[in-house]
Each structure stands twice: as structure tokens, then as C-alpha cells.
There are 2 protein chains.
Amino acid sequence: MPRRHDPERRQRIIDAAIRVVGRKGIAGLSHRSVAAEADVPLGSTTYHFTTLDDLMVAALRQANEGFAQVVAAHPALSDPEADLPAELARVLGEWLGGDRTGVELEYELYLAALRRPALRPVAAEWAEGVGALLAARTDPTTARALVAVLDGICLQVLLTDTPYDEEYAREVLTRLLSAPGTRDGRGPGSHPPAAAG
Amino acid sequence: MPRRHDPERRQRIIDAAIRVVGRKGIAGLSHRSVAAEADVPLGSTTYHFTTLDDLMVAALRQANEGFAQVVAAHPALSDPEADLPAELARVLGEWLGGDRTGVELEYELYLAALRRPALRPVAAEWAEGVGALLAARTDPTTARALVAVLDGICLQVLLTDTPYDEEYAREVLTRLLSAPGTRDGRGPGSHPPAAAG
DNA sequence: ATCCCATGTGTACGAGCGTACATAACGGGG
DNA sequence: CCCCGTTATGTACGCTCGTACACATGGGAT
């Protein structure tokens, strides 16, 4: 009970929120459910996060960092000598092959931006971050396209219960990258990052 | 009040549910809100749709038909002489350019399949349907890839408040289709439709 | 040492929810 | 015509929710 002066209270609430979303989905997220999961009183969650949107923003931001770590764990993605499509397909397979809970969690928070404008900047940050990472290997336009097709493939796997086909992903990614002039950073990308700032 | 014996009650409830989702999102969908929108008593919605999942399945199925009509309104998509990437990019632009409410509605119901297994077969039907439509112009594997990238592009537009760039979409689609041997229906598609049945 | 405010706690209220159920009307099959 | 199952209706129960608020507490600034 003597939990007075808990300097990491806020962080523990975010962690609890992520666990709640992972287990029960956003629909099961409430000040009360998070309070119970974090083992803090109700007033504590409402104090640190006035609205649930605030809480979701913090949770999504943290979940995004989690994905960034997965990418960072594969330095081959930055190696100019490596086979980029194959590496991307492999990383995606690893991520999707992990526990479905974590994948669903990140995607659910990400997709929630559709109806919650507060989440859109965070979702944009993520897309921008992955795009910037890939842009180092190609050009900005191609990088954006890669992010889009990665998203699309994940969506099909998650939404239609189709098993992930790494070979298929590699093939599609290869096609996007094999267009003339896309490997040296000066591809046909005549289009700016389109409000990427 | 004398609404007894209303043979189209069920259909009117589905229509009302779609309007509710369009206006307030899935989070605002309840037996009560739909009943109010359809101007029927609460007991009527619970009678025709025991669970909200039942109602969402019916709504998503109907929304999907709506999209199919948009596609059907562009016979050029089936014309072997037409520029498929350009046509696809144009149709997508028209769809995204319409009232955001309708687009959000369809996507929200579609994405809801992530956490609601009951919706997944319907989502799969949609992807399969669009895929089959495109497969007539290429091969099954390429068609699946087109659906994926279409989904990904929509997602980026809707989730990050980025304006739709038709030229960019056309370019990406072109790359996917310009791979050798993909225009005659016998492309590198060494992979089956991957549980498309 | 004292004060003050950010932080933490407990409780209550009103609203909306799914669900259950008793009852009423309708209309096709006997 | 009557009967009976499908359809329609109204109401109530128990639950969870966001919100508000009064009160406790402890540590950093003075």
C-alpha cells in the first residue's frame, strides 16, 4: 500500500496499458483495466493520462520503439552489399513469426490512427522512420513504396489468416527495387517525400 | 408506432449500422445506437443480431459490395488494352477523393478483422474478390501483390494524413507489373494463391 | 523547519452497455 | 376460422465506464 512517491509510476502505467491491449485489444482498454494491471488505484491512471487517447499515444510510441529495435538487430538491412529484398522478407517473417500477441498489439495501435487523429502523428513518425531507414539503400520514393507493400503484406496475413509466404514477399520487394535507376539513390523518384516533414 | 410486420427490418438495421459506424466509428456501435438510428426498439436489434459481431459481419459484407460497384463502374480495369496501373491509380484516387466518411467506414470494418476472427472470412472474401478481378489481367501472384500495395498505399494516406499522390501510385503499380513475364498470365508466379480457397 | 504543490488515493455519480425475459401482435398452415 | 411459431416490444438488472472531487502525503524550495 505504501506506494507513495513512485517515480516510475507513469512508465509502469504505459507498460500495463500495452499488456492490456495485447491481451484484450483496444476495446478492452480503460482507465480501470490499466489501473488493475499496473496495480495502482484508478485515480492514478486518470491523473497521469487524462484521456485514453493520451495513453494510447504513449503506448503506440513505445511499441514503435520496439519495432525499431527488431530492425536495428539486423544490421544487414543497412549493408549495401546485402540482398535487401531477401533481408526485408526475412525480418518481416521473423517479426510475424513471433508471438501473434505482440504483432497484433503493434498493428492494432497503429491502425487505430484511422479514427483517432491524436495517433496519426505517431503513426506518421513510424512510417517516416522506417522509410528513412530504407531510403539509405534506395531513394525516398522507392522507400515509401517498400513501406507500403510491407504494410500491405502484413495486413493480408493478419486480416485473412493467410500464412506468411517469405518467398512471395521477397519476389514482390525485388520487383519494386529492380526498376531501372533505383539502386543508386537517384531513381525515378521525381516526387518529393510528400509531406514527410 | 404501428411498425409491426416490417419485412425489411433486418436490412434497415444493417443500413443504420453502417451509418452509425460511418459517423461514430466501431467504438460507437451498440445495439442501442443502431436501434436509435434505424428508429426501431432495442429488442429489435438484439433479436435480429444477437451479437455485435453478427451485425458487423453483415455490415462489412454490404460495404464490400459497395466497393465492388466502384470497381465495376470502371470497365477499363478489365480492358486488356487499357493502361492497368494508370487505371488502378485513378480509381483509387476517385475512391479516396470521395467523402472521407465512406472510406473510413469501409476500412475500419475491414481492419476490425485484426481482432475479430468472425470478420476475417469476410475480409478474405474481399481481398480474394479484388485479387481475382486483377488476376484476369496478370497472374495470381502479381494480383495479390497489387492488392497488397493498394492496401498499403491507402493505409499510409489514411493513417498519416498524407495526401494521395496518384502519380506515385501509378509508378509503384507499374513497377510491380513491369517484371518480365507478368502480363500474359504466366508470370514468375511459381507460388499458388496461398490458401486463397 | 516550514510551506506548497505535484503527486497519490478513495469514493461517488450518472450514463451507456449487453442481456434477459414477459408479453403482444401478426400471418401462414391446419 | 383458429392456432402457433416467428417477429416485435418494453422494461428491468447488473455491470463497467469516464469523470469529478475532497482529502492525504511527501519532498524540494525557501
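These numbers come from the heavy atoms of this one structure, side chains and all, not from hydrogens, waters or symmetry mates. In what follows, every chain begins at residue 1, and chains take the letters A, B, ... in the order their sequences are listed.
- Salt bridge annotation for B:Arg115-A:Glu104: present, with a cationic side-chain nitrogen under 4.0 angstrom from a carboxylate oxygen.
- Near DNA chain C, defined here as any heavy-atom distance below 4.0 Å, the residues from residues 41-50 of chain A are A:Pro41, A:Leu42, A:Gly43, A:Ser44, A:Tyr47, A:His48, listed numerically.
- For the pair B:Arg10 CZ and D:dT6 P, the interatomic distance rounds to 15 Å; values are reported in whole Å.
- Side-chain atoms of A:Tyr110 and A:Asp151 form a donor-acceptor pair, as typed in the model, at a separation below 3.5 Å.
- Paired with A:Leu173 under the rule side-chain contact (heavy atoms from CB on, under 4.5 Å), one option of A:Leu84, A:Leu146, A:Leu92, A:Asp83 passes, and it is A:Leu146.
- Helical stems of DNA chain D (runs of at least 3 Watson-Crick or G-U pairs, donor-acceptor distances under 3.5 Å) are listed by first residue: C:1-30 with D:1-30.
- Screening A:Ile26, A:Leu155, A:Leu119 against A:Leu111 for a side-chain contact (heavy atoms from CB on, under 4.5 Å) leaves a single residue, A:Leu155.
- The interatomic distance linking A:Asp39 (CG) with C:dT9 (C1') rounds to 13 Å, in whole Å.
- A close approach under 4.0 Å does occur between a side-chain nitrogen or oxygen of B:Arg9 and OP1 or OP2 of D:dT9.
- For the 3.5 Å distance criterion, the side chains of B:Arg23 and B:Thr101 fail to qualify, holding no donor opposite an acceptor.
- Listed by residue number, A:Ser30, A:His31, A:Arg32 are the residues of residues 20-32 of chain A with a heavy-atom contact under 4.0 Å to DNA chain D.
- Judged as a side chain to side chain contact (heavy atoms under 4.5 Å, CB included), and not counting sequence neighbours, the contacts of B:Leu105 are B:Ile18, B:Val21, B:Leu109.
- Defined by atom type and a distance below 3.5 Å, a donor-acceptor pair is present between the side-chain atoms of B:Gln62 and B:Asp15.
- Among residues two or more places apart in sequence or in another chain, the side chain to side chain contact (heavy atoms under 4.5 Å, CB included) test is passed with B:Ala68 by none.
- For the side chain to side chain contact (heavy atoms under 4.5 Å, CB included) test, residues two or more places apart in sequence or in another chain that qualify with A:Thr51 are A:Asp53, A:Asp54.
- Donor-acceptor pairing under 3.5 Å is lacking for the side chains of A:Arg137 and A:Thr142.
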